Amino acid sequence: MIQSLIWSFFEYTGVYYYPTGLKNYISIFSGTTFWRVFGNTCFYTFVNVPIILVVSYLLASLVNLPLKAVGGFRVAYYLPCVIPGVVSGLLWQDIFSANGIFNQILAVFGAHSDFFSSPETTTAIGSIFLMNLWSVGGGMILWLSAFKAIPTQLYEAAKIDGAGRFRQAWSITLPAISPIISITLILTVGKIFQDDFEQIYALVGENDILAETTAVISTKIYQYASTGRYDQFPISTA
C-alpha cells in the first residue's frame, strides 16, 4: 500500500519513473468519469454485500439441518466457487442473452428482460447481483463452520428454559458467530474491490454502453493500465 502511494506521484514508462507531483490525482478527480465509477462501486458494494451475507447465512442454516444426504447439497452449493471468474462470466453472459435460459423462463409467463441489452445502470448491475449469488457457497462454508463450533448444550439448555427459535438465534447464535460476521464482511468487500473484475469484464465484453454503466474501480484500473486514459469509456482496448 505504501509503495502504491509512492508510485502514484510518478509516471512509469516501462523503464523509468518520472516524478509528476499531483498530476495523476488532478487528472482523475477533475473529470466526471471517476465519480461515475466511484458511484457505481459504492452502489455495487452497499447493495451486493448485504445480499451475499444474508443469502449465504440462510443457505448455511439450511445445510446445517440434520437431514440425510445434506453433505451432497453442501458440495453442490460450493462447487461454483471453484469455477474461474472468466468462465463464470462467460457462462452468465449466455444465460442473460436474449435467447438465454432466463428469458426462456420469462417467456412462459409472457415476459422478457433486456438484462445487459439495457444501458440503465440499475438493470445491468442488478443482473450482476444475480450472478454473484452463483458463488455464495464460499460464505456458506464460513457460516457453517461457525454453526458447528457452537456447543449443542447451549441450545438444549435454552429449550429447557423455554426459549424459542428466535430467542435462541438472538442470544446464542448471533453472539457466537459475531467473529465470522466480521471476517465474512471483510472478505466479501475485498472480493468486490478486486476479484469481481474478471466476472464483470467477461460478462460485459465489448459492449461500449455497458462498459460505462457497469464500470467499477477494478475495471477502470484495467482500462487505465491498458490505454493510459481515465477520462473515457469503454474499458475495452479493441
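Since the structure is predicted, the reported quantities are computational estimates derived from the model, not experimental observations.
Between Gln3 and Ile6 the shortest side-chain heavy-atom distance falls below 4.5 Å. Side-chain contact check for Leu62 versus Phe73: every heavy-atom pair is 4.5 Å or farther apart. The side-chain heavy atoms of Ile183 and Ile186, taken from C-beta on, include no pair separated by under 4.5 Å.
Smallest separation of non-hydrogen atoms from Trp143 and Ala60: CB-CB, 3.4 Å. Glu11 and Thr20 make their closest contact through CB-CG2, 3.6 Å (heavy atoms, listed as atom of the first residue, atom of the second, distance). For Val82 against Leu79, the heavy-atom pair with the smallest separation is CG2-O, 2.9 Å. Residue Gly21 comes nearest to Phe9 through the heavy atom pair O-CD2, 3.2 Å, listed as atom of the first residue, atom of the second, then distance. Across Ser8 and Tyr25, no two heavy atoms sit closer than the pair OG-OH, 2.7 Å. Nearest approach of Ala76 to Pro80, heavy atoms of both residues: O-CD, 3.4 Å.
Cluster annotation: Ile150 and Phe166 are assigned to distinct hydrophobic clusters (Ile/Leu/Val/Met/Phe/Trp/Tyr, side-chain heavy-atom contacts under 4.5 Å, transitive). Under the 4.5 Å side-chain contact rule for hydrophobic residues, Phe109 and Phe102 share a cluster. Cluster membership for Leu133 and Ile105, using ILVMFWY side-chain heavy atoms within less than 4.5 angstrom, is shared. Linking ILVMFWY residues whenever their side-chain heavy atoms come closer than 4.5 Å, directly or via other members, leaves Ile160 and Ile172 in distinct clusters.
Going from atom CD1 of Ile181 over to atom CG of Leu142 covers 12.0 Å, rounded to the nearest 0.5 Å. Distance check, rounded to the nearest 0.5 Å: CG of Asp94 to CD1 of Ile101 gives 11.5 Å. Atoms CZ and OG, on Phe34 and Ser27 in that order, are 11.0 Å from each other to the nearest 0.5 Å. Note that the CH2 atom of Trp7 and the CD1 atom of Ile2 stand 12.5 Å from one another [nearest 0.5 Å]. Atom OG of Ser56 is separated from atom CG of Leu144 by 11.0 Å, given to the nearest 0.5 angstrom. Between the CH2 atom in Trp35 and the CZ atom in Phe29 there is a gap of 5.5 Å [rounded to 0.5 Å].
Considering Leu65, Val63, Asn64 as possible partners of Val70, the one that fulfils the side chain to side chain contact (heavy atoms under 4.5 Å, CB included) test is Val63.
Under a 3.5 Å cut-off, the side chain of Gln168 and the backbone N or O of Thr173 do not form any donor-acceptor pair.
In the displayed structure, Asp161 atom CG is contacted under 6.0 Å by more than 12 heavy atoms of other residues, nucleotides or ligands.
Residues Tyr57 and Phe147 place their aromatic rings such that the two centres sit under 6.0 Å apart.
The ring-ring contact (aromatic ring centres under 6.0 Å, His included) search around Tyr155 returns none, not counting sequence neighbours.
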